[in-house]
2 protein chains.
Amino acid sequence: MLRITRQADYGIVLLTLFARSNGRVFSARELASASHVPLPMVGKILKLLVQAEILGSHRGMHGGYTLARRPDEITVGHIIEALDGPVAITDCTGHLPSECGIEQTCPVSHAWQRINDAIVGALDRVTLAEMTCPVGDPLTAFTGHRAQVQP
Amino acid sequence: MLRITRQADYGIVLLTLFARSNGRVFSARELASASHVPLPMVGKILKLLVQAEILGSHRGMHGGYTLARRPDEITVGHIIEALDGPVAITDCTGHLPSECGIEQTCPVSHAWQRINDAIVGALDRVTLAEMTCPVGDPLTAFTGHRAQVQP
DNA sequence: CAGAATAGGACCAACTTGGTCCGATATTGA
DNA sequence: TCAATATCGGACCAAGTTGGTCCTATTCTG
């Protein structure tokens, strides 16, 4: 558990197609066949990415979608927020008033807030450009985590 | 989105009750009334925490649950894994063979792997002890993230 | 032996997610 | 101007997951 939705996952894959063929215009149809993501799903995702101003769109014949910004100016965090909504690890870390029921007696909400911030930070520190070229070391700065001992 | 389940959330809250009254034995009933989490839910959660060897249990009259380890030896990551299963931000970051369908053509799976590692790292670096006493600065080591500008 | 507690299940309702479909609108080219 | 092609913006539905309940062992204490 603790996973992003498949929508966001697909979204990143689609965006890497844009990022790699710099500046090209893609139709939804093209993207679907290139990525093997079902077409109606592609449409749904692109729609959200346009609303988030990550993609630009152009209708009509020979229309399609283009990146609205440079790949190194688009963060993974931004993409996930566009497709899945704001990252909120728990109710109380969201922007909305929480409805968790034990809010009053809850002793840990702001500890969660910090963990949430850490995760958002991790997500915001990786750009689409870094997702696209897997050779770099985008994450070495903060992957110095304790090894997970799995017996 | 990108949230832990309520089960894990409740679990942490319950465990902080243990952590604060050092070494005490709690019955499920007690914990439910102290935390305002519904009793059957408490039972379900405690069950899983015992299986993960985070809690110890003792049956019979005056039975109950106790921490099996010191609060500073229990990580948030471990708790979440016990209650929600292993953290896997996407299909391909899990232990199971992924069924994502576009695996062959997917260019970003190991970039995800690294982001996943970063999140697991963040979760593993915070202990129950640190969740319990909110005064400390458990996270300052890695919360130096770019500020999220929200206009 | 009786009572109190956990253990381990099956079980169900409600919400979320993944996915589809359709009509409206805009743009291009003949 | 008209037809073709594309996005846009919804509603819509099925399946899976989650949150939550309940019931019956089993184990320990007094």
Side-chain angles (χ1 to χ4, degrees), chain A residues 1-11 13-14 18 24-33 35-66 68 80 83-85 88-91 94 99-102, chain B residues 1-11 13-14 18 24-33 35-66 68 80 83-85 88-91 94 99-102:
Chain A
M1 277 307 105
L2 190 75
R3 59 176 51 193
I4 61 171
T5 63
R6 197 167 291 195
Q7 230 182 87
D9 195 353
Y10 287 165
V13 172
L14 295 180
F18 283 96
R24 253 199 69 189
V25 177
F26 283 93
S27 71
R29 215 168 304 274
E30 265 182 300
L31 291 167
S33 77
S35 64
H36 303 120
V37 174
L39 176 59
M41 204 65 208
V42 170
K44 193 179 186 177
I45 291 167
L46 294 176
K47 207 182 304 177
L48 290 168
L49 292 174
V50 169
Q51 282 170 2
E53 296 177 10
I54 292 170
L55 289 179
S57 65
H58 197 63
R59 297 200 202 185
M61 204 180 235
H62 301 126
Y65 298 88
T66 24
I80 292 179
L83 294 172
D84 285 358
I89 219 79
T90 61
D91 273 351
E99 308 167 354
C100 87
I102 60 172
Chain B
M1 277 306 108
L2 191 76
R3 59 176 50 192
I4 62 172
T5 62
R6 198 169 288 195
Q7 231 181 87
D9 196 354
Y10 286 166
V13 172
L14 295 179
F18 283 96
R24 254 198 70 187
V25 177
F26 283 93
S27 71
R29 216 167 303 276
E30 266 183 297
L31 291 167
S33 77
S35 64
H36 303 120
V37 175
L39 176 57
M41 204 66 209
V42 170
K44 192 178 186 176
I45 291 167
L46 295 176
K47 206 180 307 176
L48 290 168
L49 292 175
V50 170
Q51 283 170 1
E53 295 176 13
I54 291 170
L55 289 179
S57 65
H58 197 63
R59 298 198 202 186
M61 204 178 235
H62 302 126
Y65 299 88
T66 25
I80 292 179
L83 295 172
D84 284 359
I89 220 80
T90 62
D91 273 350
E99 308 166 356
C100 88
I102 61 172

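Naming: A, B, ... by sequence-line order, numbering from 1 per chain.
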For [X] against [Y], the heavy-atom pair lying closest together:
| X | Y | answer |
| --- | --- | --- |
| A:Gly63 | A:Val25 | O-CG1, 3.8 Å |
| A:Ile45 | A:Gln7 | CD1-O, 3.7 Å |
| B:Ala32 | B:Leu39 | CB-CA, 3.8 Å |

Any side-chain N or O of A:Tyr10 below 4.0 angstrom from OP1/OP2 of C:dG18? no
With 3.5 Å as the limit, what N/O pairs link the protein to nucleotides 5-9 of chain C?
| residue | atom | partner | partner atom | Å |
| --- | --- | --- | --- | --- |
| C:dT6 | OP1 | B:Ala28 | N | 2.7 |
| C:dA7 | OP1 | B:Ser57 | OG | 2.5 |
| C:dA7 | OP2 | B:Tyr65 | OH | 3.0 |
| C:dA7 | O4' | B:Arg59 | NH2 | 3.2 |
| C:dG8 | N7 | B:Lys47 | NZ | 2.9 |

Salt-bridge contact A:Arg3-A:Asp9 (side-chain N to carboxylate O under 4.0 Å): no
In whole angstrom, give the distance that lies between atom [atom1] of [X] and atom [atom2] of [N].
| X | N | atom1 | atom2 | value |
| --- | --- | --- | --- | --- |
| B:Asp9 | D:dT18 | CG | C1' | 14 Å |
| A:Lys44 | D:dG10 | NZ | P | 14 Å |
| B:Asp91 | D:dG16 | CG | P | 14 Å |
| A:Met41 | D:dT7 | CE | C1' | 17 Å |
| A:Ile45 | C:dG18 | CD1 | P | 9 Å |

Can you tell me how far apart CD1 (A:Ile54) and CG (A:Leu46) are? Round to the nearest 0.5 Å. 11.0 Å
Under 3.5 Å: donor-acceptor pair, side chain of B:Asp84, backbone of B:Ile4: no
Using a heavy-atom cut-off of 4.0 Å across all strands, would you classify A:Pro40 as base, sugar-phosphate, or nothing? base
